Q: 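I'd like to ask you about the structure that follows.
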Number of protein chains: 4
Amino acid sequence: MPRYKRSEGEQIKEEVRRRLLAAAVDEFATRGYPGANINRISRAAGYAQGTIYNYFPSKQALFAAVVGDIAAQHCELVLQGTAGAADPPSRLERLFAAGFAFAEGFPNAVRLIASAMQAPEPEVREVVQHAYEPLRAYVEQEIVRAGCLGKDFCAIDPRLATAVILGVYFGGCAAGEDATRIRRSPHAVASILLEGLKRSR
Amino acid sequence: MPRYKRSEGEQIKEEVRRRLLAAAVDEFATRGYPGANINRISRAAGYAQGTIYNYFPSKQALFAAVVGDIAAQHCELVLQGTAGAADPPSRLERLFAAGFAFAEGFPNAVRLIASAMQAPEPEVREVVQHAYEPLRAYVEQEIVRAGCLGKDFCAIDPRLATAVILGVYFGGCAAGEDATRIRRSPHAVASILLEGLKRSR
Amino acid sequence: MPRYKRSEGEQIKEEVRRRLLAAAVDEFATRGYPGANINRISRAAGYAQGTIYNYFPSKQALFAAVVGDIAAQHCELVLQGTAGAADPPSRLERLFAAGFAFAEGFPNAVRLIASAMQAPEPEVREVVQHAYEPLRAYVEQEIVRAGCLGKDFCAIDPRLATAVILGVYFGGCAAGEDATRIRRSPHAVASILLEGLKRSR
Amino acid sequence: MPRYKRSEGEQIKEEVRRRLLAAAVDEFATRGYPGANINRISRAAGYAQGTIYNYFPSKQALFAAVVGDIAAQHCELVLQGTAGAADPPSRLERLFAAGFAFAEGFPNAVRLIASAMQAPEPEVREVVQHAYEPLRAYVEQEIVRAGCLGKDFCAIDPRLATAVILGVYFGGCAAGEDATRIRRSPHAVASILLEGLKRSR
DNA sequence: TATGAATGAGAGTTCATTCAT
DNA sequence: AATGAATGAACTCTCATTCAT
């Protein structure tokens with residue numbers, strides 16, 4: 001017979017997992033993937049060294065879970081935030097508003113992502129890119145391509161435009177003074193890109 | 001002994017140093033700071049394990065030297081490339097042209113920089129930022145502030161504008177498909193920013 | 001409560017124990033003592049990790065039980081198989097016939113024994129030797145000594161002869177091609193030993 | 001500790017390697033492959049933990065080197081010892097004489113081999129079998145097949161006969177009282193096999 | 001009695017750094 | 001100046017064992 005009632009047990013497992021993930025976010029954000037120490041994460045979460053291996057089979061898997069978790073929340077929040085916007089320009093506007101609000105709320109999480117996107121290890125980059133695919137798809141389809149079709153934006157290689165938008169977006173998620181400045185001015189930043197996309201030749 | 005004639009010993013030292021730095025660029029670019037292996041660098045340069053410690057007192061110091069070296073060349077080349085440009089817009093244009101040319105020529109070096117700028121360790125970020133201070137100063141003073149004064153650009157927080165420009169710039173230096181796309185379209189990217197800075201409210 | 005009727009609880013306990021032992025045989029045979037994983041055994045038997053500790057107090061104890069179990073069956077079967085043989089030579093013959101039949105039937109069990117007999121840890125070897133004492137006694141008393149007395153075999157150190165017989169016997173229980181070959185030719189092997197024991201000086 | 005003089009470089013490296021191998025023989029013989037501890041070997045040889053990795057890239061490689069080393073000496077000694085024997089029977093006789101003399105001289109080494117031959121891990125067994133291939137080839141070709149051709153031995157499956165001979169041979173190399181008894185009576189053991197092979201049907 | 005999450009010692013391996021040569 | 005063997009702390013991961021339920 002299970003130690004706890006099934007529902008209670010699962011809830012507790014979920015809770016432990018959450019705690020481990022939270023500790024992992026901090027560790028990865030502070031030290032990067034290769035510098036992060038699995039045992040330290042487990043102890044920071046209040047458990048013994050080995051406990052984390054009851055939840056994640058390896059450092060890689062833990063990292064992927066962390067990134068996936070952040071990305072899921074991040075994407076959901078942003079896509080939700082842009083949901084009511086009728087036209088591409090206002091979608092872009094809201095993308096930055098919602099995204100940077102998330103970044104202000106979870107600076108560590110978002111820094112981890114920004115850092116991992118520039119990681120030298122291709123596996124790491126792939127994990128992040130895969131997790132953020134929904135956001136990239138939204139930007140390319142619903143903002144850039146829709147905006148070009150609807151004459152909101154001038155003709156421009158949509159992939160290039162997407163790359164620039166996401167570059168600025170994740171630039172605002174990074175660590176440092178510049179990133180903070182960007183993050184705190186979602187409107188201004190969106191406006192620059194908007195005008196740029198509208199008129200650039 | 002005349003100053004302009006370095007002794008043979010000094011010349012050799014310089015040469016060894018250069019080789020070690022070159023090997024270090026590849027290693028750091030490929031594996032990141034924590035993943036890089038000092039012994040491997042020394043051997044890749046054609047020397048024995050211990051030799052590198054005759055030139056750099058520690059891994060940290062070697063990394064700082066690598067970054068400083070790249071930054072010096074990078075800044076010099078870019079500032080040189082923008083030297084003939086009379087007005088801020090054309091300076092911006094040439095910034096991207098020259099900078100991305102450098103990036104195409106030395107992708108490893110430039111990737112290392114982009115990665116280090118997002119490094120989780122603040123010390124690392126500081127090293128890079130300090131090394132790129134000349135470039136940042138140029139962008140802020142000679143492009144953004146000059147452009148605002150001369151009515152090329154609309155009134156905008158100059159630090160924010162600088163942050164955005166540099167964000168896109170270093171985004172083009174990173175690894176990955178998106179960065180490559182950006183890097184190969186310096187003109188289009190500059191144009192987006194130019195129009196954006198000209199008209200955004 | 002009548003002695004011959006075990007309570008249902010006891011029957012169930014017995015059944016669980018049997019299942020755990022069976023799983024343990026496979027694990028120990030496949031991975032050896034140090035490589036075996038107690039939790040994996042418990043789960044392979046269809047129970048949770050901790051369950052096995054309700055039946056065996058430690059890995060050592062489990063191993064001893066496994067060995068004892070195999071040895072008991074093995075000895076019983078062999079001694080039964082030789083029961084009808086009137087003279088020492090035919091006892092030797094039947095020893096190999098019955099023993100190798102068991103080995104063919106339970107290759108994992110028998111391999112485990114052969115391996116444990118050569119284990120580097122003296123405690124392990126002692127467990128096995130102790131468990132196989134009945135078989136050794138039979139070989140020494142009823143085959144070798146009886147054979148020498150009855151002039152079936154030449155005069156030879158009975159303990160040495162016993163050691164050789166058992167050496168070949170357990171050699172046929174091991175893993176590998178050679179062992180299989182031996183195991184499949186009980187008659188030929190017995191014949192070699194028989195002639196050897198009859199005439200060697 | 002030992003920082004060697006340059007002139008003696010190679011010799012000293014060889015010496016260190018020998019010391020590590022000797023320590024490894026004891027460790028593997030005492031604890032078996034999975035129970036052996038690499039760090040303990042290095043320290044038992046008088047060096048720090050990591051030192052052994054300057055000589056052997058992994059535990060597996062160290063083990064293979066140990067086995068190869070023992071096997072080379074063992075085979076050489078035995079083949080040398082049988083060199084002057086003109087006919088198969090005397091070759092068999094000398095095989096046991098020389099082989100068991102080696103076993104008496106290096107009981108740990110030989111025990112390690114006997115144990116590894118029965119290891120549950122197939123990789124381990126393969127390493128040993130491969131290293132002892134010369135001995136097996138000699139027994140099969142120069143003793144068994146030659147003996148059958150020359151009518152020294154009766155017709156018998158040569159592979160089976162080889163398996164039995166090697167089984168007894170390595171049985172005499174094992175740990176334990178029985179093995180010691182066998183090892184100390186090379187003549188009697190050879191005689192048993194000889195007569196057996198001569199007349200068995 | 002059965003469960004399985006938690007534990008923490010200990011494994012193999014890596015590598016920045018030292019220093020005698 | 002150059003070498004590279006030696007060092008040992010630190011890493012990821014495993015697993016026998018415990019114990020609250």
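Note that the structure is a prediction, hence the values are computed from the model and not measured. Each chain gets a letter, A, B and so on, in the order the sequences are listed, and its residues count up from 1.
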Q: How close do C/V67 and C/A131 get, counting heavy atoms only, and between which atoms?
A: CG1-CB, 4.2 Å

Q: Angle class for the B/Y33/B/F28 ring planes (parallel below 30°, perpendicular above 60°, tilted otherwise)?
A: parallel

Q: What nucleic acid atoms does D/A36 come within less than 4.0 Å of, heavy atoms only: base, sugar-phosphate, or nothing?
A: sugar-phosphate

Q: Counting side-chain heavy atoms from CB outward, which of E/dA2, F/dC13, F/dA6 is closest to A/Y53?
A: F/dC13

Q: May I ask you to test the C/F106-C/I70 pair for a side-chain heavy-atom distance under 4.5 Å?
A: no

Q: List the atom of C/V66, the atom of C/A24, and the distance in Å for their closest heavy-atom pair.
A: CG2-CB, 3.5 Å

Q: Would you mind classifying the nucleic acid contact of B/F56 as base, sugar-phosphate or nothing, using non-hydrogen atoms under 4.0 angstrom?
A: nothing

Q: Give me the residues of residues 39-49 of chain A where at least one heavy atom lies under 4.0 Å from an atom of DNA chain F, by number, or none.
A: A/N39, A/Q49

Q: On a heavy-atom basis, which atom in B/P34 and which in B/K59 lie closest, and how many Å separate them?
A: O-NZ, 3.4 Å

Q: Round to a whole Å and report the spacing from CZ of C/R19 to P of E/dA2.
A: 11 Å

Q: Quick one: D/E27 CD to E/dG12 C1', roughly how many Å, whole number?
A: 13 Å

Q: Looking at every heavy atom in both A/A45 and A/L20, which two are closest together, and how far apart are they?
A: CB-CD2, 3.7 Å

Q: Which sits closer to the 5' end of DNA chain E, B/G50 or D/S58, going by the nucleotide each is nearest to?
A: D/S58

Q: Dot-bracket, 5' to 3', for DNA chain E please: Watson-Crick or G-U pairs under 3.5 Å, [ ] where pairs cross earlier ones, | where the partner sits on another strand, dots elsewhere.
A: .||||||||||||||||||||

Q: On the nucleotide F/dA5, are OP1 or OP2 found under 4.0 Å from the side-chain N or O atoms that D/T51 carries?
A: no

Q: Write down the atom of C/S42, the atom of C/T51, and the distance for their closest heavy-atom approach.
A: OG-CB, 4.0 Å

Q: With distance as the sole criterion, do the side chain of D/N54 and the base of F/dA6 form a donor-acceptor contact below 3.5 Å?
A: yes

Q: Quick one: is C/N37 getting a side-chain N or O under 4.0 Å of the F/dT14 phosphate, OP1 or OP2?
A: no

Q: Let me see the working for A/E27 and A/R40 under salt bridge (charged side-chain N to carboxylate O under 4.0 Å, His left out), right down to the final yes or no.
A: CA-CA 8 Å; A/E27 178 81 2; A/R40 194 162 41 214; 2.8 Å; yes

Q: Can you measure D/I38 atom CD1 to F/dC11 atom P for me and round it to whole angstrom units?
A: 21 Å

Q: Measure the distance from NZ on B/K13 to P on F/dA2 and round it to the nearest whole Å.
A: 8 Å

Q: Which whole-number value in Å describes the distance from C/L62 CG to F/dC15 C1'?
A: 14 Å

Q: How many Å lie between CD on A/E15 and C1' on E/dA5, as a whole number?
A: 14 Å

Q: To the nearest Å, give me how far apart CZ (C/R31) and P (F/dA16) are.
A: 11 Å

Q: To the nearest angstrom, how far is B/K59 atom NZ from E/dT14 atom P?
A: 15 Å

Q: Show the nearest heavy-atom pair for residues D/R125 and D/M117, with the distance to one decimal.
A: CD-O, 3.4 Å

Q: Going by an N to O cut-off under 4.0 Å, is there a salt bridge joining A/R19 and A/E15?
A: yes

Q: Check every atom of E/dA6, E/dA2, F/dA6 against the side chain of C/V16 and return the nucleotide holding the closest atom.
A: E/dA2

Q: Start at the 5' end of DNA chain E and walk down; is the nucleotide closest to C/I52 or to D/Q60 reached first?
A: C/I52

